[in-house]
Amino acid sequence: MGLRRQSRERALQILFQWDVHGKGGHWLTDFETQHPAEPEVKRFADQLVEGVLVNRPELDTLLGKYATNWKVSRMPIVDRNILRAALYELCYLPDVPAKVTVNEALELAKRFADDEAKKFVNGVLDQVLKSDPRLEAKRAELVGVKREA
């Protein structure tokens, strides 16, 4: 498994716990102790977690806009945090290609969520990519990938 995938899994696990507990504390210290990671894995995971936490209101607004018929607060915790992390990558990490972000989010959904989650995650991310004006460069990049295929 690649380092970035390990980082994304680690970030998802931390974000899940953060959603359950509402803040850092003993659980985070325990997690770090029980799940040591290579510095590069930890660095990218921490970047994702921090990015999601800092930008959570905006990410949740975006998520609520494109997850039709779903309130963010009612989404399964795993799905919600896969989407938050993927939206953070799409909107704030220009060096990560959209195709990579979407594929990694789908892999997380396959591994950590139920069968319907993969479709849900794919549908929401597809709508965001098609519609959000900030993602023009990433849309163009995807079109270029499709033309090459």
Side-chain angles (χ1 to χ4, degrees), residues 1-24 27-28 30-32 34-35 37 41-42 44-149:
M1 179 184 321
L3 295 178
R4 286 273 173 116
R5 180 163 296 167
Q6 290 176 44
S7 296
R8 288 179 179 96
E9 285 187 8
R10 183 180 185 84
L12 176 60
Q13 292 168 332
I14 293 169
L15 289 168
F16 181 95
Q17 290 298 323
W18 204 281
D19 230 2
V20 169
H21 298 288
K23 59 182 177 184
W27 68 264
L28 187 55
D30 291 345
F31 178 85
E32 296 287 342
Q34 294 172 14
H35 303 283
V41 169
K42 189 171 176 351
F44 188 60
D46 290 348
Q47 179 183 5
L48 291 174
V49 169
E50 181 70 20
V52 168
L53 294 177
V54 167
N55 296 288
R56 190 167 128 179
E58 179 189 352
L59 297 172
D60 283 358
T61 298
L62 192 60
L63 182 52
K65 179 179 178 180
Y66 292 104
T68 50
N69 301 322
W70 277 97
K71 286 186 175 183
V72 176
S73 62
R74 305 239 343 151
M75 290 177 190
I77 295 172
V78 172
D79 301 7
R80 178 171 58 225
N81 283 296
I82 290 171
L83 285 163
R84 283 174 174 159
L87 291 173
Y88 172 74
E89 278 193 42
L90 287 172
C91 295
Y92 292 97
L93 300 180
D95 61 316
V96 179
K99 182 178 180 179
V100 171
T101 298
V102 172
N103 286 340
E104 290 294 315
L106 295 177
E107 288 300 317
L108 287 171
K110 273 199 277 188
R111 178 147 187 214
F112 292 101
D114 65 25
D115 293 337
E116 292 300 310
K118 185 178 173 188
K119 293 177 198 170
F120 178 63
V121 166
N122 190 50
V124 171
L125 294 178
D126 185 55
Q127 286 302 311
V128 172
L129 275 166
K130 285 179 182 176
S131 306
D132 194 282
R134 295 173 294 178
L135 300 177
E136 185 67 35
K138 291 202 177 192
R139 270 195 298 280
E141 167 190 301
L142 282 175
V143 171
V145 169
K146 289 179 183 177
R147 286 187 186 148
E148 292 172 11

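All values reported here derive from a predicted model rather than from experimental measurement.
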For this session: Could you note down all residue pairs passing salt bridge (Lys or Arg N to Asp or Glu O under 4.0 Å) where residues 72-94 supplies at least one of them, sequence neighbours left out?
Result: R8-E89, D19-R80, D19-R84, D60-R84
Problem set entry | Nearest atoms (heavy-atom pairs only) where A37 meets R10 | CB-NH1, 3.5 Å
For this session: Of all the heavy-atom pairs spanning A86 and T101, show the shortest one and how long it is.
Result: O-CG2, 3.4 Å
For this session: State which residues pass side chain to side chain donor-acceptor pair (under 3.5 Å) with H35; sequence neighbours excluded, sorted by chain then number.
Result: none
Exercise. For L135 and L90, which heavy atoms make the closest approach, and how far apart are they?
Worked result: CD2-O, 3.2 Å
Exercise. Hey, are the side chains of V100 and R4 touching, using non-hydrogen atoms and a 4.5 Å cut-off?
Worked result: no
Please list every donor-acceptor pair under 3.5 Å in which a side-chain atom of residues 65-72 meets a protein atom from a residue at least two apart or in another chain.
none

For this session: Please test C91 against N55 for side-chain contact (heavy atoms from CB on, under 4.5 Å), starting from the C-alpha separation and ending with a verdict.
Result: CA-CA 10 Å; C91 295; N55 296 288; over 6 Å; no
For this session: Find out whether Y88 and E50 are in side-chain contact, i.e. whether some heavy atom of one side chain is under 4.5 Å from a heavy atom of the other.
Result: no
Problem set entry | side chain to side chain contact (heavy atoms under 4.5 Å, CB included) involving F112 - partner list, sequence neighbours excluded | E9, L12, Q13, V78, L108
Exercise. Is there a donor-acceptor pair under 3.5 Å between the side chain of K138 and the backbone N or O of V96?
Worked result: yes
Problem set entry | Non-hydrogen atoms of V52 and A85 that approach each other most closely | CG2-CA, 3.7 Å
Exercise. Can you tell me how far the CG atom of N81 sits from the CE atom of M75, to the nearest 0.5 Å?
Worked result: 10.5 Å
Problem set entry | For N122, all residues meeting side chain to side chain donor-acceptor pair (under 3.5 Å), sequence neighbours excluded | none
For this session: Test L15 against L53 for side-chain contact (heavy atoms from CB on, under 4.5 Å), laying out the working first.
Result: CA-CA 8 Å; L15 289 168; L53 294 177; 4.3 Å; yes
For this session: Compare every heavy atom of L129 with every heavy atom of A98, then report the nearest pair and how far apart it is.
Result: CB-CD2, 3.9 Å
Exercise. Under 4.5 Å between any side-chain heavy atoms of F120 and L83, yes or no?
Worked result: yes
For this session: Applying side chain to side chain donor-acceptor pair (under 3.5 Å), name anything that partners Q34, two or more places apart in sequence or on another chain.
Result: none
For this session: Identify, with sequence neighbours excluded, every residue that meets salt bridge (Lys or Arg N to Asp or Glu O under 4.0 Å) alongside E107.
Result: K110
Exercise. Between A11 and A45, which heavy-atom pair has the shortest distance, and what is it?
Worked result: CB-O, 3.8 Å
Problem set entry | Results of side chain to side chain contact (heavy atoms under 4.5 Å, CB included) for A109 - residues two or more places apart only | I82, A117, K118, V121
Seminar exercise, completed: Taken to the nearest 0.5 Å, the spacing of Q17 CD from I77 CD1 works out to 9.0 Å
For this session: May I ask you to test the L48-I14 pair for a side-chain heavy-atom distance under 4.5 Å?
Result: no
For this session: Only counting residues at least two apart or in another chain, list the ones meeting salt bridge (Lys or Arg N to Asp or Glu O under 4.0 Å) with R134.
Result: E58, D132
